[in-house]
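Structure, as structure tokens:
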Amino acid sequence: KGMSNSSSVFSGPTGPPITTPPPPPTLPNIAATKALLIEPPPLSSGEIQPRYFFAAFSEEVDSMFTGSNLYESNDGGSSYSFIITSPSAAQVGVVAVGLGAPANYGVWDDVNTFDVVLYQGSLGSVSELDVLNGVNWALLGNEVIGFQNAALIAERTYHVSHLLRGRKGTEGFIGTH
């Protein structure tokens, strides 16, 4: 029997050391999605067909909302057709107390204000001209309102003021929410 003192006889295969693979990535907290289908009153005198607004959001604070798709089934759920994608969360919140009727319709309402708690996102203040051009418009009940001022007063809670009420033919809903 032979014996060797040469290190080359005892060396193993060459190459990079074997390493343990990294753990799989942690998945984000995917939000449970809520959807609102809103059938607003006609927004112009020429509007005849009903139309709908689709708002998707999550009530889970600090969740990752990655968008949603809306599908329609006309055969009891056997098949579905794609309608629309919502790539981000809609600005949806809860208003605890509704608005009273303004002193004068058609002018800025500085008597009524409201506080809204958003599920996610934020609100901001804009110029009066921006509001007149459709920025910072919201649906409160069945009334379309515009607002100039939105001040953050607590986490996700905004005080909203300097309102334009009954926009786009919704004046009949002023004071009904």
Side-chain angles (χ1 to χ4, degrees), residues 28 30-72 82-177:
I30 303 298
T33 300
K34 294 203 176 244
L36 298 175
L37 285 176
I38 302 164
E39 183 180 6
L43 298 180
S44 70
S45 59
E47 192 176 300
I48 297 171
Q49 293 182 334
R51 66 182 185 156
Y52 300 92
F53 290 110
F54 169 58
F57 65 101
S58 173
E59 292 178 340
E60 298 175 24
V61 178
D62 296 329
S63 64
M64 176 185 256
F65 184 89
T66 58
S68 60
N69 294 326
L70 179 65
Y71 292 85
E72 171 186 48
F82 172 77
I83 303 294
I84 193 170
T85 293
S86 174
S88 60
Q91 297 293 339
V92 177
V94 176
V95 175
V97 178
L99 298 174
N104 294 303
Y105 165 73
V107 297
W108 291 97
D109 180 357
D110 288 319
V111 173
N112 291 288
T113 63
F114 64 92
D115 294 342
V116 59
V117 180
L118 296 181
Y119 290 115
Q120 63 269 125
S122 62
L123 298 177
S125 297
V126 298
S127 70
E128 285 185 350
L129 182 59
D130 284 339
V131 176
L132 292 170
N133 286 318
V135 178
N136 274 8
W137 283 24
L139 185 65
L140 184 59
N142 286 317
E143 179 188 356
V144 176
I145 64 167
F147 60 92
Q148 182 183 13
N149 303 320
L152 184 65
I153 58 171
E155 184 179 0
R156 298 180 296 118
T157 304
Y158 291 83
H159 182 73
V160 178
S161 63
H162 201 56
L163 311 173
L164 276 180
R165 306 285 303 277
R167 305 287 84 201
K168 293 291 188 177
T170 63
E171 63 275 358
F173 296 102
I174 291 175
T176 63
H177 36 76

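Heavy atoms only: backbone and side chains are in, while hydrogens, waters and symmetry mates are out. Just so you know, these numbers come straight off a predicted model, no measurement behind them.
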Does V144 form a side chain to side chain contact (heavy atoms under 4.5 Å, CB included) with F173? I'd like the steps, not just the answer. CA-CA 9 Å; V144 176; F173 296 102; over 6 Å; no
Please give me the minimum heavy-atom distance between G124 and A150, naming the atom from each residue.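 Result for this residue pair: O-CB, 3.9 Å.
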Should L164 and D109 be marked as a side chain to side chain contact (heavy atoms under 4.5 Å, CB included) after you check the CA-CA gap, both sets of side-chain angles, and the distance that decides it? CA-CA 6 Å; L164 276 180; D109 180 357; over 6 Å; no
Donor-acceptor contact present, side-chain [X] to main-chain [Y], <3.5 Å:
X: Q148; Y: V126; value: yes
X: W137; Y: V131; value: yes
X: R165; Y: I145; value: no
X: T157; Y: E155; value: yes
X: Q91; Y: L123; value: no

Taking the side chain as everything from C-beta on, heavy atoms only, tell me whether [X] gets closer than 4.5 Å to [Y].
X: Q120; Y: S58; result: yes
X: D115; Y: I153; result: yes
X: W108; Y: P102; result: no
X: L140; Y: L99; result: yes

Once rounded to the nearest 0.5 Å, what's the spacing between atom [atom1] of [X] and atom [atom2] of [Y]?
X: E72; Y: I83; atom1: CD; atom2: CD1; result: 4.0 Å
X: I174; Y: N142; atom1: CD1; atom2: CG; result: 12.5 Å
X: L70; Y: T85; atom1: CG; atom2: OG1; result: 9.0 Å

Taking only residues two or more places apart in sequence, or in another chain, which ones meet N133 in a side chain to side chain donor-acceptor pair (under 3.5 Å)?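 For N133 there are no side chain to side chain donor-acceptor pair (under 3.5 Å) partners, ignoring immediate neighbours.
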Side chain to side chain donor-acceptor pair (under 3.5 Å) involving N136 - partner list, sequence neighbours excluded: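 N136 satisfies side chain to side chain donor-acceptor pair (under 3.5 Å) with no residue once adjacent residues are dropped.
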Checking [X] now: which residues fulfil side chain to side chain contact (heavy atoms under 4.5 Å, CB included) with it, not counting sequence neighbours?
X: S68; result: T33, F54, A56, F65, S86
X: S127; result: L129, D130
X: S125; result: N149
X: S88; result: none

On the 0 to 90° scale, with breaks at 30° and 60°, tag the F147-F114 ring pair as parallel, tilted or perpendicular. perpendicular
Tell me whether the rings of F82 and Y71 are parallel (<30°), tilted (30 to 60°) or perpendicular (>60°).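 Perpendicular: the ring planes of F82 and Y71 meet at over 60°.
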After noting the C-alpha distance and the side-chain angles of V116 and V94, does the key distance pass the side chain to side chain contact (heavy atoms under 4.5 Å, CB included) rule? CA-CA 5 Å; V116 59; V94 176; 5.9 Å; no
Criterion side chain to side chain contact (heavy atoms under 4.5 Å, CB included) on E143 and T176, from CA distance to verdict: CA-CA 8 Å; E143 179 188 356; T176 63; 5.9 Å; no
